[in-house]
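Down below is the structure, laid out as structure tokens.
Owing to the predicted nature of the structure, the values given are computational and were not obtained by experimental measurement. Residue numbers start from 1 in every chain, and the chains themselves are labelled A, B, ... in the order their sequence lines are given, proteins ahead of strands.
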2 protein chains.
Amino acid sequence: MFERCLYFNLNALTRKVNRIWESEFRQTGLSAPHAYVMRLVLSEPGISQKHLAEELHLDPSTVTRFVDALAERRLVRRDTSHTDRRSAAVFPTAEGKRLQKKLEKIGEGLFQAMQTRLGDKHFQELVSALREARSTLEKS
Amino acid sequence: MFERCLYFNLNALTRKVNRIWESEFRQTGLSAPHAYVMRLVLSEPGISQKHLAEELHLDPSTVTRFVDALAERRLVRRDTSHTDRRSAAVFPTAEGKRLQKKLEKIGEGLFQAMQTRLGDKHFQELVSALREARSTLEKS
DNA sequence: CCCTTATGTTTGTATGTACAACCATTATTA
DNA sequence: TAATAATGGTTGTACATACAAACATAAGGG
């Protein structure tokens with residue numbers, strides 16, 4: 001009934017893709033969203049939560065909670081920025097750094113698995129279309 | 001950092017689209033997911049929850065809860081099917097039926113708004129790509 | 001330098017959704 | 001037909017996520 005519906009098709013695919021991602025990242029002990037925060041912290045140690053929220057398109061309160069969870073597990077630590085004491089700088093711990101290789105490998109594996117399963121061209125066009133749609137909806 | 005990532009782009013766009021849908025359907029007093037269940041019940045009175053779950057690609061337990069919520073608001077009622085007493089048949093109430101026009105109008109409005117904003121061709125290709133990706137991932 | 005406003009973070013709370021375990025009923029098979 | 005398996009639904013629980021309100025600090029204007 002909703003074959004032509006953007007909302008329906010987006011959500012249905014997202015749930016399915018999320019299950020795949022979830023199951024791959026489970027071997028790191030992290031959920032997929034936590035893994036993505038971790039990857040970003042690893043790639044930019046000292047990043048602020050505001051910046052994390054912007055890059056990930058998440059609400060700042062959500063980022064607070066994700067960072068809380070990672071800090072709880074001693075994978076990151078928070079430091080108040082010395083240039084602006086409102087701002088939290090998030091750093092990977094040594095234990096966090098030890099995850100980096102595995103996280104990137106899983107990410108790369110998923111990228112290639114999707115490329116293969118969906119077909120190189122389809123895959124790339126889908127991702128571009130998603131990015132473009134978001135950027136269009138962000139304007140206006 | 002995740003520009004080429006299916007998971008990231010899918011989730012980011014979904015959150016954005018969901019906010020748009022949410023805000024449009026709010027005038028009916030229903031969340032977008034509840035509105036979609038309602039639309040399906042209206043289009044197929046007596047539909048079973050199993051069938052609802054299948055069509056919407058939702059877990060049966062999720063459907064239980066959505067139908068609970070709609071029943072609470074007297075928009076639908078549950079009847080045990082007479083051919084299989086395990087199965088629940090879901091019917092719109094009179095009050096539920098009164099929502100139909102508005103629901104369809106909002107759905108149609110969103111369809112056209114998206115078509116316009118994203119461009120006719122882009123829109124159609126995106127929706128097709130989403131549907132095809134899901135169907136590909138469902139096999140294998 | 002105070003007062004107001006802006007900004008980054010956190011907390012309270014609410015919703016969507018899944019999974020696993022369970023219950024009730026129906027179907028199957030020994 | 002009694003025992004077992006399959007099926008539809010529900011409940012317990014957990015997580016992702018948002019929004020609004022609060023809080024702390026910083027910036028700017030009198």
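Residue B/P92 is tested with B/K97, B/Q100, B/R98 for a side-chain contact (heavy atoms from CB on, under 4.5 Å); the sole match is B/K97. When B/F111, B/W21, B/F25 are each tested for a ring-ring contact (aromatic ring centres under 6.0 Å, His included) with A/Y7, only one passes: B/W21.
Interface remark: the A/R85 side chain does not form any donor-acceptor pair with the D/dT25 base, using a distance-only criterion of under 3.5 Å.
Note: NZ (B/K50) to C1' (D/dA6) measures 11 Å, nearest angstrom. We find that CZ of B/R86 is positioned 4 Å from C1' of C/dT26, with the value rounded to whole Å. Atom P of nucleotide D/dG8 and atom CZ of B/R78 are separated by 16 Å, given to the nearest angstrom. Computed from coordinates, the B/H82 NE2 to C/dT26 P distance equals 12 Å when rounded to whole Å. For the pair B/D84 CG and D/dT7 P, the computed distance is 12 Å after rounding to whole Å.
Between the side chains of A/R78 and A/Q49, a donor-acceptor pair is found at a separation under 3.5 Å.
For A/F2 and B/Y36, the ring centers are positioned less than 6.0 Å apart.
Using a 4.0 Å cut-off on heavy atoms, the residues of residues 5-40 of chain B that approach DNA chain D are B/R15, B/R19, listed by number. For the segment residues 56-69 of chain A, residues with any heavy atom less than 4.0 angstrom from an atom of DNA chain C are, sorted by number, A/P60, A/S61, A/T64, A/R65.
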*Would B/R26 and B/E22 satisfy salt bridge (charged side-chain N to carboxylate O under 4.0 Å, His left out), going step by step from the backbone distance to the final call?*
CA-CA 6 Å; B/R26 182 181 272 76; B/E22 212 55 65; 5.6 Å; no
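Here A/E54 pairs with A/K50 in a salt bridge; the nearest charged N to carboxylate O distance falls below 4.0 Å.
The phosphate of C/dT9 has OP1 or OP2 within less than 4.0 Å of a side-chain N or O from A/S87.
Classification of the A/F66-A/H34 ring pair by plane angle, with boundaries at 30° and 60°, yields perpendicular.
Side-chain atoms of A/T136 come within 3.5 Å of backbone atoms of A/E132 as a donor-acceptor pair (strictly under, hydrogens ignored).
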